[in-house]
S.K.: 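Sharing a structure with you now.
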Amino acid sequence: MKNHKLAGSICALLLTALGASTAVAQTSTASILVTRTIFRFDFTYGSQLYRVSPSGQDLTTLVPVNYGYDILASSWSPGGGSVVYELGRQGSNRGIYAETQLYVVDRQGGAARQITSDDSEHSDPLWGPNGLIAYVTTSGHGQCLATVRADGTNRHIVFCPHGESGESWSIAVKLSQWTASGNGILLVASAPEGGLEPEKNYTDAYRVNVSTGSAVKLTAQVFDDSEGDLVISPDRKHGVFAGGQMYLIDFNTNLLTPLSITGRDPVYSPDGSKIAFLHSDTLGGNVRIYIMRADGSNVHLAPAQTTNPDVYMPSISGWSSDGTRLLFNQVGNNQWVRRIDLRNKTSRNVTNGVAGKHAWFHP
C-alpha cells in the first residue's frame, strides 16, 4: 500500500512538473533582449539585461547590473525559454575586456549559470537547434569555432580556419547561422593583409560539421581595405559583402556581382527576399536604413526615419519573422531600440537600450 501511495505521489509530482514545463513554454511569447548601461555615483558602470515585448510593454530584468562587467552579446534558445549571454570583465580601457565568459539564464530571470571558465575568449554565443551553443574562442594567433552544452558540459574547439597566403595570422571569426538540422554552422573568417600597412582584406566563408570539425569552404575573396564584411542569406546559398562597396555572392558559382551602392551592417529578411543595410548619401553624412531586394534591385530609403542630423543609427538588429518590421538602434540624447513597420510606414520607440543581432525571439 505504501508503494502505491509513493507511486501516486511520484505521478502527481511528474504531472505538476509537466504542467509547469508547459506553462513556461506557453509564456515564450515574442520578446526582445535589450541591454542598458547603468552608472553608479562613483562613475563605475555595468550592463543590465532585460526582455521586453515588441510593443515595449512587460519590461523584465533578466540579469541585474554587475558593476565592472558588460553584457556584450546574447542569444535565445530555440524555444525561447532561456538566454545565453557573454559577460565581459572590464579592462583598463573602455571596450577592452580582461576576461569574457558565457552564462545561461531563464527567460523569467533568476540565478544565471556560468558555462565556461578557462582564460581563453568566449564570445558571440549562438544557440543551435540541437541543444549545443556555438561561440567564438581563441587558439594561437586567431579565433576559432567552439561549442558547449547549456549545462557547461562537452566544451571543445571544433574548427580553426587557416589563413591564405599573404594573410595576417590574426584571423577573426564571425558566426552566421546554424543549419536546420543542427549538425553544422556557417561562419565567416576574415583577416587583413600581413604587414604594417595592410591594404587588402581576406574573407572566407565555411560550413562546418560541429560533430567532426570538417569544413567546406564556400568562398574565398580578397577586397580593398575595409570591404568584405560578409553576411550569409537564410538559404545559405548566397551572401552580401558590405563595409564599403557592396557585392552579391553566389556560393554555387562563386560569382561576385558588384552593386552600385555602398553600405554596411546588412541584414537579410527571414525569407531571404530583402536586405536592410545602413547607407549615407554623402561622405560624412547621416547614416540611415535602406532596403533592397536580395538581387540588389529596388534600393530605397526605409520609411519613418528621423531627419534630425544629431541622431544616428549605429546598427540594425533584425527583422520580424514575417518580414514586415525592422528593429534597429538609434542614438541621440539617449539610446533607443526602435521599430519600423513597413506595412503602414510608421516607426516607434520600443525601449531605452541596445538590441543585438539575435535579440528578437519569434515563437
S.K.: Give, for atom NZ of Lys217 and atom NE2 of His162, the distance between the pair rounded to the nearest 0.5 Å.
M.R.: 9.5 Å

S.K.: Any side-chain donor paired with an acceptor under 3.5 Å for Asp70 and Tyr97?
M.R.: yes

S.K.: Ser211 side chain to Asn209 main-chain N or O, any donor-acceptor pair under 3.5 Å?
M.R.: no

S.K.: Kindly compute the distance separating OG (Ser74) from CG (Leu102), expressed to the nearest 0.5 Å.
M.R.: 11.5 Å

S.K.: Would Tyr290 and Val299 satisfy side chain to side chain contact (heavy atoms under 4.5 Å, CB included), going step by step from the backbone distance to the final call?
M.R.: CA-CA 7 Å; Tyr290 284 72; Val299 178; 4.3 Å; yes

S.K.: Centroid separation under 6.0 Å, is that true for the rings of Phe159 and Tyr206?
M.R.: yes

S.K.: Salt bridge between Asp341 and Arg343, side-chain N to carboxylate O under 4.0 Å?
M.R.: yes

S.K.: Would you say Asp119 has more than 12 foreign heavy atoms packed within less than 6.0 Å of its CG?
M.R.: no

S.K.: Donor-acceptor pair, distance only, cut-off 3.5 Å: does the side chain of Arg338 make one with the backbone of Val350?
M.R.: no

S.K.: May I ask you to decide if Thr351's main-chain N or O and Asn349's side chain share a donor-acceptor pair within less than 3.5 Å?
M.R.: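 Looks like no, no N/O pair under 3.5 Å.
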
S.K.: Are the side chains of Arg348 and Trp336 in touch, meaning some heavy atoms are under 4.5 Å apart?
M.R.: no

S.K.: Checking Arg89 now: which residues fulfil salt bridge (charged side-chain N to carboxylate O under 4.0 Å, His left out) with it, not counting sequence neighbours?
M.R.: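 Glu99.
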
S.K.: Can you check side chain to side chain contact (heavy atoms under 4.5 Å, CB included) on Val188 and Val173, steps first, answer last?
M.R.: CA-CA 6 Å; Val188 177; Val173 168; over 6 Å; no

S.K.: Between Arg51 and Leu59, is there a donor-acceptor pair closer than 3.5 Å when you use the side chain of the first and the backbone of the second?
M.R.: no

S.K.: State, yes or no, whether a side-chain contact exists between Gln221 and Ile249 at a heavy-atom distance under 4.5 Å.
M.R.: yes

S.K.: Are side-chain heavy atoms of Ser176 and Leu187 found at a separation under 4.5 Å?
M.R.: no

S.K.: Less than 4.0 Å between a side-chain N and a carboxylate O, is that true for Asp265 and Lys357?
M.R.: yes

S.K.: Is it true that a side-chain atom of Ser347 and a backbone atom of Arg339 form a donor plus acceptor pair closer than 3.5 Å?
M.R.: no

S.K.: Just by distance, do the side chain of Ser75 and the backbone of Leu126 share a donor-acceptor pair under 3.5 Å?
M.R.: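 Not a single qualifying donor-acceptor pair exists.
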
S.K.: Quick one, Ile115 with Ile133, criterion side chain to side chain contact (heavy atoms under 4.5 Å, CB included). Give me CA distance, side-chain angles, the key distance, then yes/no.
M.R.: CA-CA 10 Å; Ile115 61 172; Ile133 296 170; 3.9 Å; yes

S.K.: Look only at the side chain of Ser269 and the backbone of Lys274, and say whether a donor-acceptor pair between them is shorter than 3.5 Å.
M.R.: yes

S.K.: Under 3.5 Å, side chain of Trp127 to main-chain N/O of Pro78, donor-acceptor pair present?
M.R.: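 Not a single qualifying donor-acceptor pair exists.
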
S.K.: Could you go step by step and tell me if Arg293 and Asp295 meet the salt bridge (charged side-chain N to carboxylate O under 4.0 Å, His left out) rule?
M.R.: CA-CA 5 Å; Arg293 294 195 182 108; Asp295 63 2; 5.6 Å; no

S.K.: How would you list, by chain and number, every residue that makes a side chain to side chain donor-acceptor pair (under 3.5 Å) with Glu86, sequence neighbours excluded?
M.R.: none

S.K.: So, do Val231 and Tyr268 sit near enough that their side-chain heavy atoms are less than 4.5 Å apart?
M.R.: yes

S.K.: Does atom CZ of Arg325 have more than 12 heavy-atom neighbours from other groups under 6.0 Å away?
M.R.: yes

S.K.: What I want to find out is whether Lys174 reaches Asp229 closely enough, with some N-O distance under 4.0 Å, to be called a salt bridge.
M.R.: yes

S.K.: Would Phe223 and Phe277 show up in the same hydrophobic cluster when neighbours are defined by side-chain heavy atoms closer than 4.5 Å?
M.R.: no

S.K.: Can you find a pair of side-chain heavy atoms, one from Val105 and one from Tyr85, that are under 4.5 Å apart?
M.R.: yes

S.K.: Nearest 0.5 Å, what's the OH-CD distance between Tyr69 and Gln90?
M.R.: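 One finds 9.0 Å between OH of Tyr69 and CD of Gln90.
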
S.K.: Are Ser47 and Arg36 linked by a side-chain donor-acceptor pair shorter than 3.5 Å?
M.R.: no

S.K.: How far apart are the C-alpha atoms of Phe241 and Leu256, what are their side-chain angles, what is the distance that settles it, and do they pass the side chain to side chain contact (heavy atoms under 4.5 Å, CB included) test?
M.R.: CA-CA 9 Å; Phe241 288 98; Leu256 195 66; 3.7 Å; yes

S.K.: May I ask whether Val267 and Ile289 are part of the same hydrophobic cluster, defined by side-chain heavy atoms of I, L, V, M, F, W, Y residues being less than 4.5 angstrom apart, directly or through others?
M.R.: yes

S.K.: Would you call Asp151-Arg149 a salt bridge at under 4.0 Å N-O?
M.R.: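 Arg149 and Asp151: not salt-bridged.
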
S.K.: Under a 4.0 Å threshold between the charged nitrogen and the carboxylate oxygen, would Asp281 count as salt-bridged to Arg288?
M.R.: no

S.K.: How about Ser120 and Thr137: does a side-chain donor come under 3.5 Å of a side-chain acceptor?
M.R.: yes

S.K.: Using only heavy-atom distances, determine whether the side chains of Thr138 and Gln143 contain a donor-acceptor pair under 3.5 Å.
M.R.: no

S.K.: Does any part of the side chain of Lys345, heavy atoms only, come nearer than 4.5 Å to the side chain of Ile340, both counted from C-beta?
M.R.: no

S.K.: Would you find a donor on one side and an acceptor on the other, under 3.5 Å apart, between the side chain of His238 and the backbone of Arg236?
M.R.: no

S.K.: Quick one: does NZ or CZ of Arg155 land under 6.0 Å from the six-membered ring centre of Tyr135, within 45 degrees of the ring axis?
M.R.: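 No; the conditions do not both hold, so Arg155 does not lie above the ring face of Tyr135.
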
S.K.: What's the separation between atom CG in Leu248 and atom CG in Leu255, rounded to the nearest 0.5 Å?
M.R.: 9.5 Å

S.K.: Please confirm whether the backbone N or O of Val83 pairs with a side-chain atom of Ser77, one donor and one acceptor, at under 3.5 Å?
M.R.: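 No, Ser77 side chain to Val83 backbone: no donor-acceptor pair under 3.5 Å.
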
S.K.: Would you say the side chain of Leu87 lies within less than 4.5 Å of the side chain of Tyr103, judging by non-hydrogen atoms?
M.R.: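 Yes, close enough: below the 4.5 Å cut-off.
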
S.K.: In this structure, would Leu33 and Leu72 fall into the same cluster of hydrophobic residues linked by side-chain contacts under 4.5 Å?
M.R.: no

S.K.: Hey, does Val337 have a side-chain heavy atom less than 4.5 Å from the side chain of Leu327?
M.R.: yes

S.K.: Is Ile316 linked to Val354 within one hydrophobic cluster, defined over Ile, Leu, Val, Met, Phe, Trp and Tyr using a side-chain heavy-atom separation of less than 4.5 Å?
M.R.: no

